[in-house]
Protein chains: 2
Amino acid sequence: MKQIPESKILEDFLAEKNMRLTYPRKVIVQVFLQSMSHLDIEELHERVRKVDKDIGLATVYRTMNLLVECGLAQENVLFQDKKCFERVYGRDHHDHLVCTRCRTVKEFHHPMIERFQEKTAKKHEFSIVSHRMTLFGICRDCKE
Amino acid sequence: MKQIPESKILEDFLAEKNMRLTYPRKVIVQVFLQSMSHLDIEELHERVRKVDKDIGLATVYRTMNLLVECGLAQENVLFQDKKCFERVYGRDHHDHLVCTRCRTVKEFHHPMIERFQEKTAKKHEFSIVSHRMTLFGICRDCKE
DNA sequence: AATAAAAATGATAATCATTATCAATATCAA
DNA sequence: TTGATATTGATAATGATTATCATTTTTATT
Ligand SMILES: [Mn+2]
Ligand SMILES: [Mn+2]
Ligand SMILES: [Zn+2]
Ligand SMILES: [Zn+2]
């Protein structure tokens, strides 16, 4: 099957809701799609302001919420009460290893874990909608 | 090995830090240890006020933080940005199934999942300090 | 191109959970 | 009983996020 490009996803979503693909939104999406890491709103705003320093924080919040709604972004809470965002469209599901010392985030995927999660849900007659699994600890580099 | 009772754990912890086992703290701990579910601060405060309506919210916050420090309580964020607390001392580790409709929380433990988490960490040369896994979805009762 | 309706923006106020502050009170060892 | 010290509750402060609103952009219509 063909992969609809991310830009199209957003366009369609906005059209559907009678919303407009404005210049600030274009900048924010571009910055978000370029970023590889798990960035919080403040970090995104900083990068957005390097393109146009007049774009406000509120618009970054609003736009990131739109990107979550349309399925381009996912929010995670990897550190103390602060959301960070990452691309998810067209990517496989994964979970996170978080170093509490250097704040590095590594991604991993373990099919068996996913399998057993499903099995557990079934046993409890529970329908999983989503799940979050995060392993906190010390990464290799921080162990010296 | 003998199990040191929960009340002793707190006493020792407080003694160690030149802190006092005061009446408000006694009430709060008693209420917490009696409660079976995953209660947030507001809910704990309500129950505490049924014993003594003059005990303040700040003291509940402070005391629950002490209980976490000394290892009697663990905090989880199962719903939108609000911590809830549960007993952990002398209990086995477990993870959570959270129904997003009725907000019921079920506990489960899957040794294989834990095993594979460790394996994953080892592969990444990562030392796990703690982990959080939560499955969100719809429970049996809410499916009718 | 001019116009009018609708949507979006940025500044800022409001919200909500949690923590910090501080004067008044409780605790405890001497 | 006293005096040093820890604790309390009320409340202010904080930090992340959302709501508000006057002004500006965008788009469709003339
Ligand atoms: Mn990720
Ligand atoms: Mn639990
Ligand atoms: Zn590290
Ligand atoms: Zn339910």
Side-chain angles (χ1 to χ4, degrees), chain A residues 10-32 38-70 73-85 103, chain B residues 10-32 38-70 73-85 103:
Chain A
L10 179 61
E11 273 177 46
D12 291 354
F13 175 81
L14 293 175
E16 186 93 15
K17 303 195 127 197
N18 289 335
M19 296 175 82
R20 295 160 185 176
L21 182 50
T22 60
Y23 165 70
R25 283 177 182 160
K26 279 180 191 161
V27 173
I28 293 163
V29 173
Q30 178 207 325
V31 164
F32 168 69
H38 303 79
L39 300 181
D40 62 36
I41 292 284
E42 229 176 322
E43 293 166 329
L44 284 165
H45 189 213
E46 276 174 32
R47 296 190 184 198
V48 162
R49 278 161 56 107
K50 282 179 186 158
V51 179
D52 184 333
K53 67 173 172 42
D54 293 334
I55 294 175
L57 182 61
T59 303
V60 179
Y61 270 104
R62 282 187 288 240
T63 303
M64 290 315 297
N65 286 342
L66 289 175
L67 295 193
V68 170
E69 273 187 74
C70 76
Q74 186 190 54
E75 50 183 48
N76 289 94
V77 182
L78 300 180
F79 302 104
Q80 171 110 7
D81 26 79
K82 218 192 236 181
K83 291 175 189 167
C84 66
F85 296 84
R103 309 204 130 209
Chain B
L10 180 61
E11 273 177 46
D12 291 354
F13 176 80
L14 292 175
E16 186 94 16
K17 301 196 126 196
N18 289 334
M19 297 174 82
R20 296 162 183 175
L21 183 50
T22 60
Y23 165 70
R25 282 177 184 159
K26 279 179 191 162
V27 173
I28 292 162
V29 173
Q30 180 208 325
V31 165
F32 168 69
H38 303 78
L39 301 181
D40 61 38
I41 292 283
E42 229 176 322
E43 293 166 328
L44 284 165
H45 188 213
E46 277 174 31
R47 297 190 183 198
V48 163
R49 277 162 55 109
K50 282 180 186 158
V51 179
D52 184 334
K53 67 174 173 39
D54 292 335
I55 295 175
L57 181 61
T59 304
V60 180
Y61 270 104
R62 283 187 288 238
T63 303
M64 291 314 298
N65 286 342
L66 289 176
L67 296 192
V68 169
E69 274 188 75
C70 75
Q74 185 190 53
E75 49 184 48
N76 290 94
V77 183
L78 300 180
F79 301 105
Q80 171 108 10
D81 27 80
K82 218 193 240 182
K83 291 174 189 166
C84 65
F85 295 83
R103 309 202 131 209

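Residue numbers start from 1 in every chain, and the chains themselves are labelled A, B, ... in the order their sequence lines are given, proteins ahead of strands. What you are looking at is a predicted structure, and each value in this text was computed from that prediction instead of being measured.
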Rounded to the Å, how far apart are A:Glu11 CD and D:dT26 C1'?
15 Å

Protein-nucleotides 24-30 of chain C N/O pairs under 3.5 Å:
residue	atom	partner	partner atom	Å
C:dT27	O2	B:Arg20	NH1	2.9

Find the distance B:Phe79:CZ to C:dC16:P and express it as a whole number of Å.
18 Å

Can you measure A:Asp54 atom CG to D:dT23 atom P for me and round it to whole angstrom units?
18 Å

How many angstroms lie between atom SG of A:Cys70 and atom CG of A:Asp12, to the nearest 0.5 angstrom?
9.5 Å

Rounded to the nearest angstrom, tell me the gap between atom NZ in A:Lys17 and atom P in C:dA6.
19 Å

Value for OG1 (B:Thr63) from CD (B:Glu69), rounded to nearest 0.5 Å, stands at 11.5 Å

Below 3.5 Å is the cut-off: list the nitrogen or oxygen pairs between protein and nucleotides 15-17 of chain D, distance only.
residue	atom	partner	partner atom	Å
D:dT17	OP1	A:Lys83	N	3.1
D:dT17	OP2	A:Tyr61	OH	2.9

Spatial distance of atom CD (A:Glu46) from atom CG (A:Leu57) [nearest 0.5 Å]
10.5 Å

Starting at CE of A:Met19 and ending at P of C:dT9, how long is that distance when rounded to a whole Å?
8 Å

Counting any heavy atom closer than 4.0 Å, what does B:Asp40 reach on the DNA or RNA strands: base, sugar-phosphate only, or nothing?
nothing

Nearest-0.5 Å distance that lies between atom CD in A:Glu43 and atom NE2 in A:His38
11.5 Å

Taken to the nearest 0.5 Å, the spacing of B:Ile55 CD1 from B:Leu44 CG works out to 12.0 Å

A:Ile55 CD1 - C:dA8 P separation (whole Å):
15 Å

Quickly work out the A:Arg62 CZ to D:dT18 P distance and round it to whole Å.
11 Å

Can you name the one residue among A:Val31, A:Leu21, A:Leu10 that meets side chain to side chain contact (heavy atoms under 4.5 Å, CB included) with A:Lys26?
A:Leu21

Counting N and O atoms only, with roles assigned by atom type, does the side chain of B:Asn76 sit under 3.5 Å from a partner on the main chain of B:Leu78, one being a donor and the other an acceptor?
no

Say you draw a straight line from CZ of B:Phe32 to CG of B:Leu39; how long is it, rounded to the nearest 0.5 Å?
8.5 Å

Length of the line joining A:Leu66:CG and C:dT9:C1', which is rounded to integer Å:
13 Å

With a non-hydrogen cut-off below 4.0 angstrom, is A:Arg25 in contact with a base, only sugar-phosphate, or nothing?
sugar-phosphate

Residue mapping more 5' on DNA chain C - nearest nucleotide basis, A:Asn18 or B:Ala58:
A:Asn18

Whether the side chain of B:His45 engages the backbone of B:Ala58 through a donor-acceptor N/O pair (distance < 3.5 Å, no angle test) should be reported.
no

